[in-house]
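The first residue of the sequence shown is numbered 1, and numbering continues consecutively from there.
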Amino acid sequence: MKNVLITGAAGFLGSHLCDRFIKEGFYVIGMDNFITGDKRNLEHLQSHPNFEFIEHDVTQHIAVDKPLHYILHFASPASPIDYLKIPIQTLKVGSLGTHNLLGLAKAKKARLLIASTSEVYGDPLVHPQTESYYGNVNTIGPRGVYDEAKRFQESITMAYHRFHGLETRIVRIFNTYGPRMRLNDGRVIPAFMGQALRGEDLTVFGDGSQTRSFCYIDDQIEGIYRLLFSDYVYPVNIGNPNEISIRDFAEEIIKLTNTSQKVIYKDLPVDDPMQRQPDISLAKKLLNWEPKVSREEGMKKTYAYFKSLSQEDLFKRDHRDFSKHIKP
C-alpha cells in the first residue's frame, strides 16, 4: 500500500481526492487547518482504516512520520470572497506552503502534484486558453493575491524539478462544481442555487456577457488522477470547454430550480475575467481525458445536494470567521 498526503483535504476538491485515493487502495493522510475547509467533508472517512488526518497549517514546518510516495497540494482559498478577506494567507499558502511541501517531497523522494488554476491566465487575450499562453494578470489588483500565488507556485515547482530533479506535476484547474461546494463561498453556482432556494432574485455582475465553463467534480478528479500518474511535468488544463455566458446560465438555473426569480444586475468586480474556456487538447492527447458529465446532469446532482442542506445552512448570512487565522 502506498501513502499519499493531500493538503486542503477538508476542502471541496481535497475531500473528493481523499475519496478517490482511498477507493484506489492508497493510505491517505489528509491535512488541513480549516481556514476555508469544512470538517463535515471528511466525517465519512474518520473511522476508515486507510485514512488519517493531521490538523496543520502548511505554511509552518511540515513533519510526517510515515513514508510518502505522493503529495497533492490543494491547500488554498479558492473563491474571491475568501482570498479578498485573507490576502496575505492566500499568498503565503501558495509560496511558503508550496516551498515546505517541495522540501517534504524532496526529503521523502515523493512525487508532488500542485493545484494551479485557470486564474494564471488572468483576463485572457487568447481564447480558448492553451497552456502556452502566458496570461494577462494585474499583479497589483485585488485578485492578484490569488493569481500571483498560483503563478509563483508553478515557478518554484518547476525550479525544484529542474534543479533537484524532483518528480512534479502541475494541474491548471478550471471552474469545477458539485456536492460539498460551500453555499456562501461567493462563486456563481452556489450563489445562484442558494438564491433560488431562498426565493431571492439571481445576481449577475456586469451585463452577464462574460463566459464561464463548468467541469463536474467527478470529471475533474479523474483528470487530476491521470495527470499524477503521467510522465508530463508541465502544466495541463483540466476543465470543461463547454462555454456559456453568465446571463444564459442564470436562465438555466431558474429553469432547473423551477423558480420564478428575476435576474438583477450589479457592477462587475475589478479584474473579473470576461472569458474563461480551457483548451483541453493537451489533456486529450496526454491523458486520454475529456469531461463525460454534461452540464445538465451535473447541475441536477449539485442542486440536489444544495436542496439537502439544513435551513440553518441555507439562510446563513454571516461569512466564515477568519479572525483566529489573522495575526495583528
Side-chain angles (χ1 to χ4, degrees), residues 2 4-8 13-14 16-21 23-26 68-74 76 78 94 98 101-102 105 109-122 124 126-135 150-178 212-243 275-295 298:
K2 292 191 174 181
V4 56
L5 170 67
I6 300 174
T7 71
L13 286 168
H16 283 280
L17 283 167
C18 290
D19 290 342
R20 175 61 184 267
F21 278 86
K23 180 182 176 182
E24 298 289 347
F26 288 82
L68 291 176
H69 302 90
Y70 303 101
I71 300 171
L72 289 91
H73 181 25
F74 279 71
S76 176
T98 303
L101 287 157
L102 286 161
K109 296 180 171 59
R111 179 178 297 181
L112 172 67
L113 180 147
I114 65 161
S116 188
T117 171
S118 60
E119 297 301 321
V120 299
Y121 300 121
V126 170
H127 195 70
Q129 293 82 59
T130 65
E131 290 86 352
S132 61
Y133 176 52
Y134 294 153
K150 292 297 188 179
R151 286 160 70 95
F152 175 83
Q153 185 181 50
E154 290 191 8
S155 295
I156 193 172
T157 296
M158 288 306 302
Y160 263 75
H161 168 72
R162 292 188 178 109
F163 190 80
H164 292 296
L166 192 67
E167 282 281 337
T168 57
R169 305 291 183 267
I170 301 172
V171 58
R172 286 181 180 162
I173 297 168
F174 282 69
N175 295 75
T176 304
Y177 69 99
R212 296 293 183 268
S213 54
F214 302 111
C215 185
Y216 189 65
I217 183 65
D218 292 354
D219 286 330
Q220 182 65 238
I221 296 300
E222 179 64 27
I224 293 167
Y225 188 84
R226 292 189 189 193
L227 177 59
L228 177 67
F229 296 107
S230 76
D231 295 324
Y232 193 74
V233 301
Y234 297 103
V236 178
N237 292 337
I238 300 292
N240 192 320
N242 187 0
E243 185 183 24
Q275 292 181 306
R276 185 66 82 225
Q277 182 189 22
D279 183 315
I280 60 169
S281 302
L282 188 59
K284 286 181 178 180
K285 178 182 176 182
L286 289 174
L287 312 177
N288 191 28
W289 175 90
E290 61 182 318
K292 304 295 184 186
V293 181
S294 69
R295 190 169 64 243

Rounded to the nearest 0.5 angstrom, the CZ-OG distance for R172 and S118 is 10.0 Å

Using side-chain contact (heavy atoms from CB on, under 4.5 Å), reason through Y121 and N237 one step at a time and then give a plain yes or no. CA-CA 11 Å; Y121 300 121; N237 292 337; 2.8 Å; yes

On a heavy-atom basis, the closest approach of I238 and G223 is CD1-CA, 4.1 Å

(Q) When you compare the side chain of T157 with that of H161, does any pair of heavy atoms fall below 4.5 Å? (A) no

Heavy-atom closest pair (S230 atom, L287 atom, distance to 0.1 Å) is CB-CD2, 3.7 Å

Output for pair (E243 CD, R212 CZ), nearest 0.5 Å, gives 9.5 Å

dist I217:CD1 -> H16:NE2 (nearest 0.5 Å) comes out at 4.5 Å

Rounding to 0.5 Å, atoms NZ (K109) and CG (L166) come to a distance of 10.5 Å

Here the pair of heavy atoms bringing F214 nearest to R295 is CD1-CD, 4.2 Å

So, R226 and E222, do they make that salt bridge, N to O below 4.0 Å? yes

task = Name the orientation class of the two ring planes belonging to Y232 and Y234 (parallel below 30°, tilted from 30 to 60°, perpendicular beyond 60°).
result = perpendicular

- Hey, what's the ring geometry for F21 with Y225, parallel, tilted or perpendicular (30° and 60° as the breaks)? tilted

Exactly one candidate in L72, L101, L112 meets side chain to side chain contact (heavy atoms under 4.5 Å, CB included) with L5; the answer is L101

d(R169 CZ, I71 CD1) to nearest 0.5 Å is 13.5 Å

- Y70 vs F26 aromatic rings, parallel, tilted or perpendicular, using cut-offs 30° and 60°? perpendicular

Keeping the roles fixed (side chain from D279, backbone from P128), state whether a donor-acceptor pair exists under 3.5 Å.
no

Rounded to the nearest 0.5 Å, the CZ atom of F174 sits from the CD atom of E119 at a distance of 9.0 Å

What one should report as the nearest heavy-atom pair of N240 and S213 is O-CB, 2.7 Å

What one should report as the nearest heavy-atom pair of I280 and P291 is CD1-CD, 3.7 Å

Closest non-hydrogen atoms of R276 and G122, given as atom of the first, atom of the second and distance, are NH2-O, 3.0 Å

